Amino acid sequence: MRAYKAKAVERISLPDREARNRHLREAGYNVFNLDADAVFVDLLTDSGTGTMSDEQWAALMRGDEAYAGSESFRRLQSAVADVMGFERIVPAHQGRGAENVLYGTIISEGDYVPNNTHFDTTRAHVVNSGGEPVDCPVESEAGDPFQGNLDVAAVRDLADEVGAERIPAVVVTITNNSMAGQPVSVENVRAAREVADELDARLVVDACRFAENAYFVRQRELEFDGESVADVAREQLSYADAVVMSGKKDGLANVGGFVGVREDDDELYERTRQRGILYEGFTTYGGMAGRDLEAMAVGLREAVEEAYVESRVEQVAELGELLQEVGAPVRTPTGGHAVYVDAEEFLPSIPRERFPGQALVCELYREGGVRGVELGEFAFPGENRPQLVRLCLPRRTYFRDHLEHVAETFADVAERRGEVSGLEVIDEPEMAELRHFSAELRPVE
């Protein structure tokens with residue numbers, strides 16, 4: 001059962017098929033280019049799209065909009081310390097702003113950065129700073145409890161190949177978004193800590209879904225059976241030298257983020273603070289209004305509440321079960337924030353160079369006004385990743401009727417899957433790592 005009830009509602013409507021076809025053509029077969037009011041059920045992302053609580057809305061009224069020394073910043077700082085264990089933070093307008101602040105500080109030309117799997121903006125920031133992102137996902141099979149883990153042996157192999165001095169940081173993303181939202185064990189984070197120490201590198205945790213990961217750890221890692229989500233969260237983050245956080249995920253806010261730095265690393269804190277001032281704003285607001293600082297401070301505390309995080313993960317599993325019932329090839333077990341469908345299996349007649357994932361995304365919109373996102377060859381060109389479609393649930397927003405509509409849409413697409421054609425890119429930006437945000441495509445036979 002959901003751990004919330006509605007206090008405000010927003011009207012949504014499903015455009016007719018003719019309108020959906022027109023919207024898709026005008027968007028260049030890229031759902032990022034669709035207007036939100038043309039979408040019926042929006043599963044594009046869980047980043048900043050969730051519903052804030054009444055306590056968060058009340059906190060907005062406390063917003064201290066002072067440029068320097070904001071009380072709202074102090075309340076966020078206190079929440080981060082209590083929930084995540086980091087006393088010093090550099091705020092940013094969102095997660096990618098925090099990535100710019102941290103990675104732009106620690107990465108130099110010719111560096112290599114291993115990660116259990118880089119997501120799109122992380123990869124782009126590493127490249128933009130002159131580094132080479134290296135994915136080191138653990139080999140796993142369906143049913144493994146921690147398919148998101150970092151392959152620590154692969155990190156050591158990379159160090160042997162390029163030299164430990166060229167690896168400034170080892171990154172662990174929890175949960176592992178690119179690997180179907182799968183969790184990372186605390187044991188694996190400890191192993192990442194050990195290898196970072198061996199290489200004299202910093203251990204960075206991308207913590208934007210830290211609460212969901214902690215819930216899975218409690219369910220699947222025997223050491224933490226019976227522990228609270230809050231205690232597990234602090235434990236798993238205690239091994240990191242720094243964290244990058246998007247408050248738009250497990251901060252339960254619509255905007256905001258930060259870099260957290262350990263109190264014993266004065267040099268890193270000062271360098272990130274100065275870069276934050278340059279790119280995000282003064283240290284006590286960092287690109288956010290005081291009211292947004294307040295909303296995130298409340299949201300971080302709510303994110304580790306047992307009833308909330310349990311209902312959050314259960315709703316994702318519910319969507320996964322509905323999709324499996326209609327024959328969708330879902331990656332299992334389902335992750336904490338999204339359901340991932342194997343588009344290559346669903347549309348076997350479309351080769352990966354014709355983007356089966358993007359073709360499926362377009363058909364879901366055409367058939368039922370459902371917006372998902374492709375995380376395969378279109379989003380990660382040349383990376384040889386699985387051709388996945390992610391259906392990402394906004395927090396505290398949709399109900400079972402909406403999930404059933406998504407499943408029915410999949411069933412309808414499945415009935416005519418033989419008619420679905422592949423796509424080709426006709427216009428794209430210079431930076432390949434970001435092409436899926438704005439590129440345009442067209443159907444090909």
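One-based numbering along the sequence shown. Since this is a predicted model, take the numbers as computed values, not measurements.
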With a sphere of 6.0 Å drawn around [atom1] of [X], does it hold more than 12 non-hydrogen atoms of other residues, nucleotides or ligands?
X      : atom1 : result
Glu187 : CD    : no
Asp200 : CG    : no
Arg291 : CZ    : no

Go through the side-chain N and O atoms of [X] and [Y] and say whether any donor and acceptor fall under 3.5 Å apart.
X      : Y      : result
Gln236 : Asn213 : yes
His436 : Asn30  : no
Asn100 : Arg275 : yes
Ser53  : Glu302 : yes
Asn115 : Thr173 : yes
Tyr269 : Asp264 : no
Thr117 : Asp135 : no

Report the residues that fulfil salt bridge (Lys or Arg N to Asp or Glu O under 4.0 Å) with [X], sequence neighbours left out, ordered by chain and then residue number.
X      : value
Glu71  : none
Arg209 : Asp46
Asp241 : Arg193

Closer than 4.0 angstrom, basic N to acidic O: yes or no for [X] and [Y]?
X      : Y      : answer
Arg166 : Glu132 : no
Arg156 : Glu198 : yes
Glu235 : Arg190 : yes

- Task: Kindly state each residue pair satisfying ring-ring contact (aromatic ring centres under 6.0 Å, His included) with at least one member in residues 368-393, sequence neighbours excluded.
- Result: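 Non-adjacent pairs meeting ring-ring contact (aromatic ring centres under 6.0 Å, His included): Phe355-Phe378.
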May I ask you to test the [X]-[Y] pair for a side-chain heavy-atom distance under 4.5 Å?
X      : Y      : value
Val189 : Val184 : yes
Leu76  : Leu300 : yes
Phe40  : Val370 : no
Leu150 : Val138 : no
Val413 : Leu360 : yes
Val259 : Ile89  : no
Val204 : Val170 : no

Minimum heavy-atom distance [X]-[Y], with the two atoms named:
X      : Y      : value
Ala359 : Ile350 : CB-CD1, 3.9 Å
Thr334 : Gly320 : CG2-CA, 4.0 Å
Arg331 : Ala180 : CB-CB, 4.0 Å
Ala295 : Gln56  : O-NE2, 2.9 Å
Ile106 : Ala169 : CD1-CB, 3.8 Å
Leu43  : Pro394 : CD2-CD, 4.1 Å

Donor-acceptor pair, [X] side chain versus [Y] backbone, under 3.5 Å?
X      : Y      : answer
Glu377 : Gly382 : yes
Glu374 : Gly376 : yes
Arg220 : Pro145 : yes
Arg396 : Thr51  : yes
Asp265 : Leu268 : yes
Glu306 : Val229 : yes
Ser78  : Arg75  : no
Arg262 : Ala240 : yes
Asn116 : Gly148 : yes
Ser72  : Asp64  : yes

**Prompt:** Do Tyr285 and Phe73 have ring centres separated by under 6.0 Å?
**Reply:**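 No, ring centres 6.0 Å or more apart.
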Side-chain donor-acceptor contacts of residues 242-256 below 3.5 Å, not counting sequence neighbours, with atom names and distances?
{"from": "Ser246", "atom 1": "OG", "to": "Lys248", "atom 2": "N", "distance (Å)": "3.3"}
{"from": "Ser246", "atom 1": "OG", "to": "Lys249", "atom 2": "NZ", "distance (Å)": "3.3"}
{"from": "Lys249", "atom 1": "NZ", "to": "Ser47", "atom 2": "OG", "distance (Å)": "3.1"}
{"from": "Asp250", "atom 1": "OD1", "to": "Arg395", "atom 2": "NE", "distance (Å)": "3.4"}
{"from": "Asp250", "atom 1": "OD1", "to": "Arg395", "atom 2": "NH2", "distance (Å)": "3.4"}
{"from": "Asp250", "atom 1": "OD2", "to": "Phe210", "atom 2": "N", "distance (Å)": "3.3"}
{"from": "Asp250", "atom 1": "OD2", "to": "Ala211", "atom 2": "N", "distance (Å)": "2.9"}
{"from": "Asp250", "atom 1": "OD2", "to": "Glu212", "atom 2": "N", "distance (Å)": "3.2"}
{"from": "Asn254", "atom 1": "ND2", "to": "Gly48", "atom 2": "O", "distance (Å)": "3.0"}
{"from": "Asn254", "atom 1": "ND2", "to": "Gly50", "atom 2": "O", "distance (Å)": "3.3"}

Once ring-ring contact (aromatic ring centres under 6.0 Å, His included) is applied, do any residues pair with [X], and if so which ones, sequence neighbours excluded?
X      : value
Tyr398 : His402
Phe410 : Phe346
Phe437 : Phe32

Pair Arg301-Asp82, salt bridge (charged side-chain N to carboxylate O under 4.0 Å, His left out): steps then yes or no: CA-CA 8 Å; Arg301 297 184 188 278; Asp82 291 347; 3.1 Å; yes
Let's go through Leu322 and Val406 carefully: what are the C-alpha distance in whole Å and the side-chain angles of both, what is the deciding distance for side-chain contact (heavy atoms from CB on, under 4.5 Å) to 0.1 Å, and is it a yes or a no? CA-CA 9 Å; Leu322 289 170; Val406 175; over 6 Å; no
Pairs satisfying side chain to side chain donor-acceptor pair (under 3.5 Å), at least one member in [range], at least two apart:
range            : answer
residues 345-355 : Glu344-Arg352, Arg352-Asn384
residues 360-369 : Arg17-Glu367, Asn21-Arg366, Glu363-Arg366, Glu363-Arg416, Glu367-Arg416
residues 85-97   : Arg88-Asp266, His93-Glu280

Exercise for the section: Using side-chain contact (heavy atoms from CB on, under 4.5 Å) as the criterion, point out the one residue from Thr121, Asp120, Thr122 that pairs with His118. Expected result: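 It is Thr122, the one option of Thr121, Asp120, Thr122 that forms the side-chain contact (heavy atoms from CB on, under 4.5 Å) with His118.
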With Ser228, which residues qualify under side-chain hydrogen bond (donor to acceptor under 3.5 Å, both in side chains), at least two apart?
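With sequence neighbours excluded, Ser228 shows a side-chain hydrogen bond (donor to acceptor under 3.5 Å, both in side chains) to Asp231, given in chain and number order.
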